[in-house]
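Not measured: the values here are computed from a predicted model. Atoms within a ligand are numbered from 1 in the order they appear, just like the ligands themselves.
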Amino acid sequence: MKSAVRIAITGAAGNIGYAAAFRVAAGNMLGTDQPIILQLIEIPPALGALEGVKMELCDCAFPLLEDIICTADANVGFKDVDYVLSIGSKPRTKGMERADLLSENGKIFGPQGKAINDNASRDVKVLVVGNPANTNALIAANNAPDLDMRQFTSMMRLDHNRAISQLSSKTNTPVTKIKQMIVWGNHSLSQYPDISHCKVDGKDAKSLVDDSWYKEEFMPRVQKRGAEVINARGASSAASAASAAIDHMRSWVIGTDGDDWVSMGIISKGDYGIAEGLMYSFPVRCKNGNYEVVQGLSIDDFSQKMMKATENELLEEREAVKDLL
Ligand code: NAD
Ligand code: LMR
């Protein structure tokens with residue numbers, strides 16, 4: 001039997017945290033042979049609700065779940081953790097853009113990066129979900145000087161999964177047959193869902209759909225899906241976000257399939273001409289707990305323009321939080 005790993009979930013009494021904790025404890029993230037200790041972090045007013053989450057987790061009698069720690073102290077919550085799902089922060093409401101959350105949520109991620117730096121395992125893998133996720137992850141990474149910035153990532157997997165789902169229903173093809181999707185850039189309206197390299201059951205995706213459907217229906221649908229869910233549900237996506245967080249971590253730890261890749265927000269090293277040091281989503285392949293940007297993809301003029309636009313937005317966000325970096 002493997003020894004237990006420690007997984008921190010911030011905002012664990014919130015909507016996404018609640019949806020994620022049970023699936024993580026069931027083994028969906030790291031496999032059904034990996035015992036787990038959950039370290040659940042909340043703000044003090046939510047500690048009562050967090051106790052309720054703990055009771056329910058206990059009541060599931062999950063075979064893999066060895067212990068549950070509940071705390072409002074980040075130094076306790078991140079102690080020795082191997083994995084962090086950094087979710088705790090405010091969601092947007094109707095009519096807001098995610099960047100409108102930056103002034104309020106941004107200040108959470110500096111202290112959190114520092115607490116991870118000071119307490120977590122030296123090999124910790126961090127996924128930031130709280131919006132605006134890319135720039136929050138950038139803040140956390142910049143406040144963890146003893147860790148490698150590559151250990152901090154931001155969630156683009158929900159956008160990636162949304163893009164696969166839309167193309168699957170348009171082409172009437174199972175999601176499992178859709179490979180090499182990319183969503184570049186920021187988890188925002190400026191993101192670029194790109195099917196230029198995508199294969200649908202082995203065929204080029206672009207040969208199967210009209211350019212007008214691609215640019216006028218598919219792209220805006222994926223870009224605006226978060227708002228569409230908020231309008232329908234009256235609250236932002238929660239179960240799909242938790243599922244994407246689990247997918248992101250599982251790919252990172254266990255690896256991507258064959259020649260396929262996934263979209264992850266990672267620190268740019270200048271690949272594809274994107275400014276170094278931005279938290280930007282690239283297509284990556286994962287193996288043995290590491291990820292590498294997929295190299296050598298051809299980028300046409302349209303893609304170039306879209307990739308630049310989302311890069312420019314991230315440059316502006318970085319400038320807006322420069323005091324927190
Ligand atoms: P929620 O309001 O239901 O829950 C947030 C929880 O975080 C609350 O329980 C709150 O008490 C807690 N919290 C706030 N500040 C905290 C802190 N400093 N430390 C620990 N916990 C803290 O919100 P939600 O629906 O779970 O969404 C959480 C975040 O995830 C939001 O910012 C939302 O916009 C974002 N989100 C991102 C994606 C993505 O794809 N990147 C998708 C969906 C939602
Ligand atoms: C999403 O994409 O569903 C989340 O980022 C929540 C939001 O504010 O749209």
Side-chain angles (χ1 to χ4, degrees), residues 8-21 39-53 70-78 84-116 126-137 139-140 153-163 165 183 185-191 193 221-249 263-265 279 281:
I9 303 179
T10 75
N15 286 301
I16 300 173
Y18 183 73
Q39 305 197 173
L40 306 179
I41 305 175
E42 261 295 349
I43 49 174
L47 283 177
L50 190 61
E51 270 310 309
V53 175
C70 292
T71 182
D73 181 343
N75 291 318
V76 173
F78 291 126
V84 176
L85 301 182
S86 175
I87 300 167
S89 53
K90 268 206 164 163
R92 67 173 165 156
T93 46
K94 246 184 193 172
M96 290 173 80
E97 286 307 329
R98 297 180 188 94
D100 299 336
L101 294 167
L102 196 50
S103 56
E104 202 161 334
N105 284 348
K107 53 186 182 236
I108 295 173
F109 290 86
Q112 205 172 95
K114 184 176 177 343
I116 293 170
V126 181
L127 168 63
V128 175
V129 174
N131 277 320
N134 303 56
T135 297
N136 287 338
I139 295 169
T153 62
S154 71
M155 191 161 94
M156 294 297 288
R157 189 60 169 268
L158 182 53
D159 311 283
H160 184 97
N161 287 349
R162 287 167 172 165
S165 161
V183 182
N186 198 5
H187 176 61
S188 73
L189 266 183
S190 75
Q191 66 180 253
R221 191 65 189 274
V222 176
Q223 290 163 329
K224 295 181 189 164
R225 187 63 158 187
E228 196 182 353
V229 171
I230 291 173
N231 287 337
R233 245 173 59 83
S236 67
S237 57
S240 58
S243 194
I246 286 165
D247 287 348
H248 174 114
M249 278 299 196
S263 305
M264 273 170 66
M279 191 66 69
S281 176

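Across G185 and N134, no two heavy atoms sit closer than the pair O-ND2, 3.0 Å. Taking both residues in full, the closest heavy atoms of G88 and F109 are given as O-CZ, 4.2 Å, listed atom of the first, atom of the second, then distance. Nearest approach of E51 to C70, heavy atoms of both residues: OE2-CB, 3.9 Å. The two residues A245 and V129 come nearest to each other via the heavy atoms CB-CG2, 4.3 Å. Closest heavy-atom contact between D247 and R157: O-NH1, 3.3 Å.
Side-chain atoms of S86 and Q112 form a donor-acceptor pair, as typed in the model, at a separation below 3.5 Å. Side-chain contact, H248 with T153: a donor N or O sits under 3.5 Å from an acceptor N or O.
Going from atom CD1 of I9 over to atom CD of E42 covers 11.0 Å, rounded to the nearest 0.5 Å. Here CG of N131 is found 11.0 Å from CG of D100. Values are rounded to the nearest 0.5 Å.
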Per-pair distances, ligand 1 N/O vs protein N/O, less than 3.5 Å:
{"from": "ligand 1", "atom 1": "3 (O)", "to": "N15", "atom 2": "N", "distance (Å)": "2.9"}
{"from": "ligand 1", "atom 1": "3 (O)", "to": "N15", "atom 2": "ND2", "distance (Å)": "2.8"}
{"from": "ligand 1", "atom 1": "7 (O)", "to": "S89", "atom 2": "N", "distance (Å)": "3.4"}
{"from": "ligand 1", "atom 1": "9 (O)", "to": "G14", "atom 2": "N", "distance (Å)": "3.3"}
{"from": "ligand 1", "atom 1": "9 (O)", "to": "E42", "atom 2": "OE2", "distance (Å)": "2.6"}
{"from": "ligand 1", "atom 1": "11 (O)", "to": "E42", "atom 2": "OE1", "distance (Å)": "2.7"}
{"from": "ligand 1", "atom 1": "21 (N)", "to": "G11", "atom 2": "N", "distance (Å)": "3.4"}
{"from": "ligand 1", "atom 1": "26 (O)", "to": "N15", "atom 2": "N", "distance (Å)": "3.4"}
{"from": "ligand 1", "atom 1": "26 (O)", "to": "I16", "atom 2": "N", "distance (Å)": "3.0"}
{"from": "ligand 1", "atom 1": "32 (O)", "to": "S89", "atom 2": "OG", "distance (Å)": "2.9"}
{"from": "ligand 1", "atom 1": "32 (O)", "to": "K90", "atom 2": "O", "distance (Å)": "2.8"}
{"from": "ligand 1", "atom 1": "32 (O)", "to": "N131", "atom 2": "N", "distance (Å)": "3.0"}
{"from": "ligand 1", "atom 1": "34 (O)", "to": "N131", "atom 2": "ND2", "distance (Å)": "2.8"}
{"from": "ligand 1", "atom 1": "36 (N)", "to": "N131", "atom 2": "ND2", "distance (Å)": "3.4"}
{"from": "ligand 1", "atom 1": "40 (O)", "to": "H187", "atom 2": "NE2", "distance (Å)": "3.2"}
{"from": "ligand 1", "atom 1": "41 (N)", "to": "V129", "atom 2": "O", "distance (Å)": "3.1"}

Ligand 2 polar-atom proximity to protein (N/O, under 3.5 Å):
{"from": "ligand 2", "atom 1": "2 (O)", "to": "R98", "atom 2": "NH2", "distance (Å)": "2.8"}
{"from": "ligand 2", "atom 1": "2 (O)", "to": "R162", "atom 2": "NH1", "distance (Å)": "2.9"}
{"from": "ligand 2", "atom 1": "2 (O)", "to": "R162", "atom 2": "NH2", "distance (Å)": "3.4"}
{"from": "ligand 2", "atom 1": "2 (O)", "to": "H187", "atom 2": "NE2", "distance (Å)": "3.3"}
{"from": "ligand 2", "atom 1": "3 (O)", "to": "R162", "atom 2": "NH2", "distance (Å)": "2.7"}
{"from": "ligand 2", "atom 1": "3 (O)", "to": "S237", "atom 2": "OG", "distance (Å)": "2.6"}
{"from": "ligand 2", "atom 1": "5 (O)", "to": "R98", "atom 2": "NE", "distance (Å)": "2.8"}
{"from": "ligand 2", "atom 1": "5 (O)", "to": "N131", "atom 2": "ND2", "distance (Å)": "2.8"}
{"from": "ligand 2", "atom 1": "5 (O)", "to": "H187", "atom 2": "NE2", "distance (Å)": "2.6"}
{"from": "ligand 2", "atom 1": "8 (O)", "to": "R92", "atom 2": "NE", "distance (Å)": "2.5"}
{"from": "ligand 2", "atom 1": "9 (O)", "to": "R92", "atom 2": "NE", "distance (Å)": "3.2"}
{"from": "ligand 2", "atom 1": "9 (O)", "to": "R92", "atom 2": "NH2", "distance (Å)": "2.7"}
{"from": "ligand 2", "atom 1": "9 (O)", "to": "R98", "atom 2": "NE", "distance (Å)": "3.3"}
{"from": "ligand 2", "atom 1": "9 (O)", "to": "R98", "atom 2": "NH2", "distance (Å)": "3.1"}

